[in-house]
Amino acid sequence: MEKIIFIETGTGIDVHGQNITKACIRAVENALHYNSMPGIKEYLPGQDLHNMRVNVKLAVPADKELVDTDQVKQEIPYGMVTVEVIDGGMATTSGIILEDQADKNDLMYMVNAAVEVGY
């Protein structure tokens with residue numbers, strides 16, 4: 001990315017089921033769904049949203065290899081999207097194992113996201 005215009009951060013949690021992709025998607029949703037970038041087109045080459053680049057950085061506490069980056073990319077409606085998965089976040093006890101929620105253990109996963117927008 002040549003120039004970063006906007007960075008937003010978010011946190012996503014999967015309390016039951018230990019689904020790291022679900023926590024990642026929630027982190028991206030949290031980062032994006034409270035923002036609007038009404039003037040973004042003015043800064044993009046050709047004033048075209050298709051020329052926007054979006055880099056999603058996800059800090060995950062476990063199961064890094066199980067993150068479905070294609071599902072995460074679907075949360076970004078415009079531009080060329082890349083996803084980078086790094087160590088971070090938190091795995092902590094939920095205090096209970098719920099088999100009907102597909103729990104394998106009592107952990108809940110918290111993921112941090114940084115969404116960089118630019119060109």
Side-chain angles (χ1 to χ4, degrees):
M1 187 175 316
E2 182 181 320
K3 183 166 184 89
I4 297 174
I5 300 169
F6 178 85
I7 300 174
E8 188 56 62
T9 60
T11 299
I13 303 169
D14 184 35
V15 178
H16 294 289
Q18 297 76 45
N19 185 324
I20 197 66
T21 299
K22 185 184 291 186
C24 288
I25 288 170
R26 288 176 175 167
V28 171
E29 288 174 344
N30 181 247
L32 296 180
H33 286 177
Y34 301 100
N35 296 285
S36 178
M37 298 182 291
I40 189 73
K41 287 172 74 173
E42 295 174 31
Y43 297 98
L44 297 174
Q47 297 186 332
D48 187 342
L49 290 174
H50 295 293
N51 293 326
M52 179 171 64
R53 295 190 186 276
V54 181
N55 185 42
V56 178
K57 293 180 183 176
L58 300 166
V60 302
D63 298 337
K64 203 162 95 168
E65 69 285 354
L66 298 179
V67 175
D68 186 335
T69 57
D70 288 333
Q71 281 189 29
V72 173
K73 287 178 182 180
Q74 290 178 12
E75 296 301 309
I76 311 297
Y78 303 104
M80 296 166 270
V81 182
T82 59
V83 176
E84 179 182 354
V85 180
I86 61 174
D87 293 329
M90 176 186 278
T92 190
T93 183
S94 68
I96 189 170
I97 297 173
L98 298 175
E99 292 178 14
D100 64 326
Q101 297 293 315
D103 274 345
K104 301 172 206 87
N105 53 53
D106 73 335
L107 291 178
M108 62 175 148
Y109 291 162
M110 290 186 241
V111 172
N112 295 318
V115 179
E116 303 169 341
V117 176
Y119 60 88

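Side-chain atoms are counted along with the backbone in the values below, which use heavy atoms only and exclude waters and symmetry mates. Note that the coordinates shown come from a computational prediction; the quantities given were computed from them, not determined experimentally.
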Peer 1: Return the minimal non-hydrogen interatomic distance between Asp14 and His16, and the atom names on each side.
Peer 2: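 The pair with the smallest heavy-atom distance is OD1-O, 3.0 Å.
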Peer 1: Are the side chains of Val72 and Ile25 in contact, using a 4.5 Å heavy-atom criterion?
Peer 2: yes
Peer 1: Less than 4.5 Å apart, side chain to side chain, heavy atoms only: is that true for Val111 and Arg26?
Peer 2: no
Peer 1: Show your working on side chain to side chain donor-acceptor pair (under 3.5 Å) between Thr93 and Asp106 and close with a plain yes or no.
Peer 2: CA-CA 5 Å; Thr93 183; Asp106 73 335; 2.6 Å; yes
Peer 1: NZ of Lys3 to OH of Tyr43: how many Å apart, nearest 0.5 Å?
Peer 2: 9.5 Å
Peer 1: Starting at CZ of Arg53, measure out to CD of Glu116 and round the result to the nearest 0.5 Å.
Peer 2: 13.0 Å
Peer 1: Return the set of residues passing side chain to side chain donor-acceptor pair (under 3.5 Å) with Asn19 (not counting sequence neighbours), or none when no residue passes.
Peer 2: none
Peer 1: Is Asn35 reaching over with its side chain to a backbone N or O of Ala31, donor-acceptor style, under 3.5 angstrom?
Peer 2: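 Yes, because the side chain of Asn35 sits within donor-acceptor range (under 3.5 Å) of the backbone of Ala31.
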Peer 1: Treating Ile, Leu, Val, Met, Phe, Trp and Tyr as nodes and any side-chain heavy-atom pair under 4.5 angstrom as an edge, say whether Leu49 and Val115 lie in one connected cluster.
Peer 2: yes
Peer 1: For Pro61 versus Gly89, what's the shortest heavy-atom pair and its separation?
Peer 2: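 Closest approach of Pro61 to Gly89, heavy atoms only: CB-C, 4.0 Å.
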Peer 1: With no hydrogens and no angle check, is any side-chain donor or acceptor of Asn51 less than 3.5 Å from a backbone partner on Pro45?
Peer 2: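 Yes, the answer is positive, given that a donor and an acceptor are paired below the 3.5 Å cut-off.
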Peer 1: Would you check if the side chain of Asp68 reaches a backbone N or O of Gln71 as a donor-acceptor pair within less than 3.5 Å?
Peer 2: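 Checking the backbone N and O of Gln71 against the side chain of Asp68, a donor-acceptor pair under 3.5 Å is found.
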Peer 1: For the atom pair CG (Leu58) and CD (Glu84), what is the distance rounded to the nearest 0.5 Å?
Peer 2: 9.0 Å
Peer 1: Indicate yes or no for a side-chain donor-acceptor contact from Asp103 to the backbone of Gly17 under 3.5 Å, with no hydrogens or angles considered.
Peer 2: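 Yes: the side chain of Asp103 pairs with the backbone of Gly17.
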Peer 1: Look at the side-chain heavy atoms of Ile, Leu, Val, Met, Phe, Trp and Tyr, link any pair under 4.5 Å apart, and say whether Met90 and Met108 land in one connected group.
Peer 2: yes
Peer 1: Tell me whether Phe6 shares a hydrophobic cluster with Val56, the cluster being built from Ile, Leu, Val, Met, Phe, Trp, Tyr side chains joined at under 4.5 Å.
Peer 2: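 Cluster IDs for Phe6 and Val56 match.
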Peer 1: Does any non-hydrogen side-chain atom of Ile40 lie less than 4.5 Å from one of Val117?
Peer 2: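 Contact flag for Val117/Ile40 side chains = yes.
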Peer 1: Would you check if the side chain of Gln18 reaches a backbone N or O of Leu107 as a donor-acceptor pair within less than 3.5 Å?
Peer 2: yes
Peer 1: So which heavy atom on Met80 is nearest to which on His50, and how close?
Peer 2: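 Closest heavy-atom pair between Met80 and His50: CE-O, 3.5 Å.
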Peer 1: Quick one, Val28 with Ile76, criterion side chain to side chain contact (heavy atoms under 4.5 Å, CB included). Give me CA distance, side-chain angles, the key distance, then yes/no.
Peer 2: CA-CA 9 Å; Val28 171; Ile76 311 297; 3.9 Å; yes
Peer 1: In chain order, what residues pass the side chain to side chain donor-acceptor pair (under 3.5 Å) check against Asp70, with sequence neighbours excluded?
Peer 2: none
Peer 1: Which heavy atom in Thr82 sits nearest to a heavy atom in Lys73, and how many Å separate them?
Peer 2: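 Answer, listing the atom of Thr82 first, then Lys73: CA-CE, 4.5 Å.
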Peer 1: So which heavy atom on Ile13 is nearest to which on Ala23, and how close?
Peer 2: C-CB, 4.1 Å
Peer 1: When you measure from the side chain of Asp63 to the backbone of Ile20, do you find a donor-acceptor pair of N or O atoms at a distance under 3.5 Å?
Peer 2: no
Peer 1: So Val60 and Cys24, side chain to side chain contact (heavy atoms under 4.5 Å, CB included) or not? Walk me through it.
Peer 2: CA-CA 8 Å; Val60 302; Cys24 288; 3.6 Å; yes
Peer 1: Given the rule that I, L, V, M, F, W and Y join up when any side-chain heavy atoms are under 4.5 Å apart, are Val83 and Met110 in one cluster?
Peer 2: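 In one cluster: no.
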Peer 1: Tell me if the CD atom of Glu99 is crowded by more than 12 foreign heavy atoms within 6.0 Å.
Peer 2: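 It does not: Glu99 CD has 12 such atoms or fewer within range.
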Peer 1: Please report the closest heavy-atom contact between Glu42 and Gln47, naming both atoms and the distance.
Peer 2: CA-NE2, 3.8 Å
Peer 1: Please identify each residue that fulfils side chain to side chain donor-acceptor pair (under 3.5 Å) with Thr9, with sequence neighbours left out.
Peer 2: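 Once residues adjacent in sequence are excluded, Thr9 has no partner under the side chain to side chain donor-acceptor pair (under 3.5 Å) criterion.
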Peer 1: Output the distance between atom CG (Leu44) and atom OH (Tyr78), rounded to the nearest 0.5 Å.
Peer 2: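 Reported to 0.5 Å precision, the distance equals 12.0 Å.
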Peer 1: Could you give me the CA-CA distance, side-chain angles and deciding distance for Asp87 and Lys64, then say whether salt bridge (charged side-chain N to carboxylate O under 4.0 Å, His left out) is met?
Peer 2: CA-CA 8 Å; Asp87 293 329; Lys64 203 162 95 168; 3.4 Å; yes
Peer 1: Let me see the working for Asn30 and Thr11 under side chain to side chain donor-acceptor pair (under 3.5 Å), right down to the final yes or no.
Peer 2: CA-CA 6 Å; Asn30 181 247; Thr11 299; 5.0 Å; no
